[in-house]
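Presented below is the structure to which this report refers.
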Amino acid sequence: MTTNDNFEIIKYGCKILRKTSDFIEEIDLNFVEFVEKMAATMYAIDNGVGLAAPQVGINKRLFIIDFGKGLTVYINPEIISSSPLTSVEEEGCLSLPEITAVVERSVSVEVKYFDLEGNVIEEELDEFAARAFQHELDHLDGILFIDRVKPAILVPLSGKLKEIKKIGRLQNRKK
Ligand SMILES: [Zn+2]
């Protein structure tokens with residue numbers, strides 16, 4: 001697959017990232033091809049460990065994660081329960097290039113989702129896997145990690161955020 005076949009990443013500032021995504025009702029061949037193209041897009045970017053469908057312009061409840069342990073596809077994902085215990089770690093996002101900030105999230109989450117074969121999976125995720133799941137699930141509800149950060153932390157990043165927003169706003173016109 002050439003880079004031209006990859007999706008354009010939707011940036012902060014584009015309205016697509018702020019919508020609540022729709023549930024997926026059918027896993028057909030087109031859908032599988034879409035997921036493959038999403039994965040190719042993610043793997044083409046350095047440090048790309050997770051990608052949600054809205055980040056490639058599609059408001060559907062789907063995201064993919066691979067932090068070196070193989071690709072996992074999460075369809076209609078949800079959190080059943082979250083640990084009261086939280087941790088604070090640095091996060092980044094492909095829709096907010098060069099921006100990182102510390103975000104507080106539950107250390108472990110019990111989750112439910114469908115895989116590409118249509119099986120229901122229920123499992124407990126911890127540490128990085130739990131954090132990645134929570135970050136990506138937020139995308140399906142129009143939430144970005146900077147929304148979960150204290151405004152004071154974003155002050156020194158405001159210049160960069162403005163620049164990304166300009167790119168994101170231009171993407172609104174293309175869609
Ligand atoms: Zn993200």
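One-based numbering, in listed order, for ligands and for the atoms of each.
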Does anything in residues 22-31 pair up under side chain to side chain donor-acceptor pair (under 3.5 Å), and if so which pairs, sequence neighbours excluded?
none

Tell me which one of Val103, Val102, Val107 satisfies side-chain contact (heavy atoms from CB on, under 4.5 Å) with Ser87.
Val107

Please test Lys166 against Lys162 for side chain to side chain contact (heavy atoms under 4.5 Å, CB included), starting from the C-alpha separation and ending with a verdict.
CA-CA 6 Å; Lys166 270 187 211 160; Lys162 253 185 208 164; 5.8 Å; no

Under 2.8 Å from the Zn ion (ligand 1), which protein N, O or S atoms are there? Could you list them by chain and number?
Cys93 SG, His135 NE2, His139 NE2

What I want to find out is whether Glu91 reaches Arg105 closely enough, with some N-O distance under 4.0 Å, to be called a salt bridge.
yes

Run the side-chain donor-acceptor check on residues 93-100: report pairs under 3.5 Å with partners two or more places apart or on a different chain.
| from | atom 1 | to | atom 2 | distance (Å) |
| --- | --- | --- | --- | --- |
| Ser95 | OG | Ile10 | O | 2.7 |
| Ser95 | OG | Gln55 | NE2 | 3.0 |

Once side chain to side chain donor-acceptor pair (under 3.5 Å) is applied, what residue pairs with a partner in residues 9-19 remain, sequence neighbours excluded?
Arg18-Asp147

